[in-house]
Amino acid sequence: FKAEDLGNVLNYKRQADMESDQESFYFEGGTQVRVLPEKWRLKWQKEKKKGKQIKIQIWPKDGMTVDAYLLESIKLNNLAATRLKKTPSKIEAYFDSNLAIETLGNIELYQWYPVIVSGRHADGTNFGGAHNIKIVR
């Protein structure tokens, strides 16, 4: 835009088309999700043996059923589930705690971190939701 009239969207120096990869983002409340436990242990980062299971509960949006979700597409911070379960009212996805805590990157004790749950509906559209977890000793 021209410096003398920055607020005018029609007063541009150049105009071009831009293209990028499609990305999706989610916010808490997008899809109702719950992460159990809500407190993740710092020691999960260093454990070599198979860790505790993180359970994610996903409730379908109003007007949808659990059959509207592609179970194999469900991820936690881009980590695939180790086990999936469908009940009449919700979906449960399980993740290895050692791998799940690694998805948070550098973490600090007693801090809160968002966990993103994402996937696809049977019609090909994306869904997602978020839940905060706390790192404890």
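Any value given below was found using the heavy atoms of this structure, including those in side chains, with hydrogens, waters and symmetry copies removed. If you read the sequence from its start, that first residue is 1, and numbering goes on from there.
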Inset, instruction - Mind telling me whether F127 and Y69 have parallel, tilted or perpendicular rings, with 30° and 60° as the class edges? - result: perpendicular
Inset, instruction - Please test K55 against Q57 for side chain to side chain contact (heavy atoms under 4.5 Å, CB included), starting from the C-alpha separation and ending with a verdict. - result: CA-CA 7 Å; K55 179 165 84 170; Q57 297 173 318; 3.9 Å; yes
Legend entry - Donor-acceptor under 3.5 Å (N132 side chain, W112 main chain): no
Inset, instruction - Indicate yes or no: at least one non-hydrogen side-chain atom of Y94 is less than 4.5 angstrom from one of E92. - result: yes
Inset, instruction - Check the surroundings of atom NZ in K134: do more than 12 heavy atoms from other residues, nucleotides or ligands lie under 6.0 Å from it? - result: yes
Inset, instruction - For the residue pair I135 and Q111, establish whether any side-chain heavy-atom pair is separated by less than 4.5 Å. - result: no
Legend entry - Y113 to L104 - nearest heavy-atom pair and separation: CB-CD2, 4.1 Å
Legend entry - Donor-acceptor contact below 3.5 Å, side chain R41 vs main chain R137: yes
Legend entry - For L71 against L84, the heavy-atom pair lying closest together: O-CD1, 3.2 Å
Legend entry - Check: V117 and T31 side chains under 4.5 Å, non-hydrogen atoms: no
Inset, instruction - Is it possible for you to say whether L70 and I91 belong to one hydrophobic cluster, with membership spreading through side-chain heavy-atom contacts below 4.5 Å? - result: no
Inset, instruction - Would you give the length of the straight line joining atom CG of N78 to atom CD1 of I116, rounded to the nearest 0.5 angstrom? - result: 11.0 Å
Legend entry - Considering all heavy atoms, the nearest G105-Q45 contact: O-NE2, 4.0 Å
Legend entry - Closest heavy-atom pair and its distance - I56, F95: CG1-CE1, 3.4 Å
Inset, instruction - Taking the side chain as every heavy atom from C-beta outward, state whether I54 and L36 have any pair of such atoms under 4.5 Å apart. - result: no
Inset, instruction - Locate the shortest heavy-atom distance separating S89 from W59; write the atom from each residue and the value. - result: O-CD1, 3.6 Å
Inset, instruction - Report the distance from atom CD1 of I101 to atom CH2 of W40, rounding to the nearest 0.5 Å. - result: 7.0 Å
Inset, instruction - Please answer whether the main-chain N or O of G119 pairs with a side-chain N or O of S73 as donor and acceptor at a distance below 3.5 Å. - result: no
Legend entry - Atom of L109, atom of V136 and distance for their closest heavy-atom approach: CD1-C, 3.4 Å
Legend entry - Rounded distance (nearest 0.5 Å) linking atom CG of D62 with atom CD of Q32: 9.5 Å
Inset, instruction - Rounded to the nearest 0.5 Å, what's the gap from CG on L99 to OG1 on T82? Could you check? - result: 9.0 Å
Legend entry - N126 side-chain N/O to R120 backbone N/O, donor-acceptor pair under 3.5 Å: no
Inset, instruction - Considering only NZ, NE, NH1 and NH2 on the basic side and carboxylate oxygens on the acidic side, decide whether D67 and K86 come within less than 4.0 Å. - result: yes
Inset, instruction - For the residue pair T87 and V66, establish whether any side-chain heavy-atom pair is separated by less than 4.5 Å. - result: no
Legend entry - I133 side, atom CD1; E38 side, atom CD - distance, nearest 0.5 Å: 9.5 Å
Inset, instruction - Taking the side chain as every heavy atom from C-beta outward, state whether P60 and T65 have any atom pair closer than 4.5 Å. - result: no
